[in-house]
Amino acid sequence: MLLVRMRFLQLLSRKPGKLEMLFQIPFCQKQFPYMCLATSACLCSKRKKTNSYEQVDQEKYKNLVYSVTSYKTSAQTPETILEEDNLLYGPPDKPPVKAETKTPKNCVPLINPNKRIPLLNTDSNLPIKIALQKTKMPSVTRILQQTISPQQAFYLERWKQKMILELGKDGFAEYTKNLFLQGELFHAALESIFLSEEMATKEQREDVAISGYLSSVQHVLKDISEVKALESAVQHETLQYLGLVDCVAKYRGQLCVIDWKTSEKPKPSLKNTFDNPLQVAAYIGAINHDANYDFQVSCGLIVVAYKNGSPAHPHFMDPDLCSQYWNKWLLRLEEYMDKN
């Protein structure tokens, strides 16, 4: 047997043609039958014919494949998404700014050229306060909510999911409810300050929910005078939308639409206020085209108050800046009208 193996190795080490001689040797016909070659060929042919993937009912599972390949929402948690964003692209506080190329189709001016302003001010000292009536007109808030950019929608949804992950659904609902209540109390306290020209009542100052906000805006209140409207409804008679303006008053001598905002995080620049400048511009345009107001406004002010009492950030919008945001508002209004 050992001799046979040595003879076999010798033949293999020589020319390939000598291999045929091996199978012609009588004593090798039993040890290395032709059947072994035929079996090997048979196995190869079976692997080619039996492809399990080709036997899958593709028509049956096409919906499953489509749902998996087209699903856009990541299953990652908000924390891992934030970590990956920061690692790959840096903090998402400076998104790329796209140049605005569109122009509004309906170029209604921010300042109403046809509005007559009385030479003498015959109004009483009380600010205008018109109740908001339910009509078919869309509100400024509704229009902005329904035309939010995909980028802002992504960040808002991610923030929401992060908060739900930390607080739970019930905890997040309670959190948003408290924020809304604090905002209402804060606005009510400011209204009482402007109407009585005194500081807020003792109960309001001692209210833990808003005491920090009131402390935060003290330095801004010193620069506000001649309040003309408080929590008053406005509507644009030409463009057919309405809203509820927080305050119209002079800030450092210039008449402004003032929007009071509350925040738990600092917003030191105007870009941190998201769509608030568009909201202010929309209110300015509405006042200027509303017959209930015998004055026009060309400036805006967004005041961000903080719960911890740190000094509020006042963001002043001059006439040029208001005009820029007015054009952006007109585009959002057109987008809303097209959708509805």
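These values consider heavy atoms only, across backbone and side chains, with no hydrogens, waters or symmetry-generated copies.
In this structure, H315 contributes its side chain and K267 its backbone to a donor-acceptor pair below 3.5 Å. With E237 contributing its side chain and A291 its backbone, the two residues share a donor-acceptor pair below 3.5 Å. Proximity of a side-chain donor or acceptor of Q218 to a complementary backbone N or O of L214 within less than 3.5 Å is detected. With R252 contributing its side chain and D223 its backbone, the two residues share no donor-acceptor pair below 3.5 Å.
Summarising the geometry of Q296 relative to I111, their closest heavy-atom pair is OE1-CG2, 3.5 Å, with the distance given to 0.1 Å. Closest approach of S232 and I128 over heavy atoms only: CB-O, 3.6 Å. Between S216 and S310 the shortest heavy-atom distance is OG-O, 2.6 Å. In plain terms, the two heavy atoms of C247 and W260 that are nearest each other are CB-NE1, 3.9 Å. Considering all non-hydrogen atoms of both residues, P138 and M337 come closest at CG-CE, 4.4 Å. Of all non-hydrogen atoms in V297 and V257, the two that sit nearest each other are CG1-N, 3.7 Å.
Rounded to the nearest 0.5 Å, atoms NE2 (H187) and OG (S192) are 12.5 Å apart. Rounding to the nearest 0.5 angstrom, the gap separating the CG atom in N340 from the CD atom in E335 is 10.5 Å. One distance of note links CD of Q145 with OG of S139; it measures 7.5 Å at 0.5 Å rounding. In this structure, M137 CE and L239 CG are separated by 10.0 Å, a value rounded to the nearest 0.5 Å. Atoms CZ and CG, from R116 and D294 in turn, are 13.5 Å apart once rounded to the nearest 0.5 Å. To the nearest 0.5 Å, the span separating CG on D320 from SG on C299 amounts to 9.5 Å.
Hydrophobic clustering keeps F274 apart from Y336 (ILVMFWY residues linked when any side-chain heavy atoms are closer than 4.5 Å, directly or through intermediates). By the rule that hydrophobic residues join a cluster once side-chain heavy atoms approach within less than 4.5 Å of another member, L179 and L167 end up as members of one cluster. Clustering ILVMFWY residues whenever any of their side-chain heavy atoms sit less than 4.5 angstrom apart, transitively, puts V280 in the very cluster that holds L144.
If you look at Y283 and W329, their ring centroids are not closer than 6.0 Å.
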Verdict with supporting geometry, K261 and Q279, side-chain contact (heavy atoms from CB on, under 4.5 Å) | CA-CA 12 Å; K261 299 296 181 184; Q279 185 179 24; 3.2 Å; yes
Show your working on side-chain contact (heavy atoms from CB on, under 4.5 Å) between D170 and E174 and close with a plain yes or no.
-> CA-CA 6 Å; D170 294 339; E174 186 69 19; over 6 Å; no
Give the C-alpha distance, both sets of side-chain angles, the deciding distance and a yes or no for side-chain contact (heavy atoms from CB on, under 4.5 Å) between M317 and I284.
-> CA-CA 11 Å; M317 298 168 58; I284 293 175; 5.8 Å; no
Stepwise side-chain contact (heavy atoms from CB on, under 4.5 Å) test for M163 and T176 = CA-CA 10 Å; M163 296 298 291; T176 53; over 6 Å; no
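Inspection of the N272 and S269 side chains reveals an N or O donor paired with an N or O acceptor under 3.5 Å.
Inter-residue side-chain proximity for V217 and L190 is flagged as met; some heavy-atom pair is nearer than 4.5 Å. Within the 4.5 Å cutoff, the side chain of I148 has heavy atoms near those of the L156 side chain. Counting heavy atoms from C-beta outward, T262 and K307 have side chains that stay 4.5 Å or more apart. Considering only heavy atoms from C-beta on, I258 stays 4.5 Å or farther from D246 through its side chain. In this structure, the side chains of D275 and R332 come closer than 4.5 Å at one or more pairs of heavy atoms. Side-chain atoms of L110 and S298, non-hydrogen and from C-beta on, never get closer than 4.5 Å to each other. Counting heavy atoms from C-beta outward, L244 and T141 have side chains that stay 4.5 Å or more apart. Between L301 and P314 there is a side-chain heavy-atom pair separated by less than 4.5 Å.
Sparse packing is recorded around NZ of K160, with 12 or fewer heavy atoms of other residues, nucleotides or ligands lying under 6.0 Å away. Sparse packing is recorded around NZ of K250, with 12 or fewer heavy atoms of other residues, nucleotides or ligands lying under 6.0 Å away. By the neighbour-count criterion of 12 heavy atoms within 6.0 Å, atom NZ of K339 is densely surrounded, having more than that number from other residues, nucleotides or ligands. Shown here is F172, whose CZ atom has more than 12 heavy atoms of other residues, nucleotides or ligands within 6.0 Å.
Residues passing the ring pair (Phe, Tyr, Trp, His ring centres under 6.0 Å) test with Y293, sequence neighbours excluded: F295. For Y213, the ring pair (Phe, Tyr, Trp, His ring centres under 6.0 Å) test picks out F186, with sequence neighbours left out.
Paired with V234 under the rule side chain to side chain contact (heavy atoms under 4.5 Å, CB included), one option of L132, D290, N288 passes, and it is D290.
Between H236 and W326, the ring planes are parallel. Angles under 30° get that label, and only those over 60° would be called perpendicular.
For K328 and Y325, the positive end sits near the middle of the six-membered ring, less than 6.0 Å away and at most 45° from its axis.
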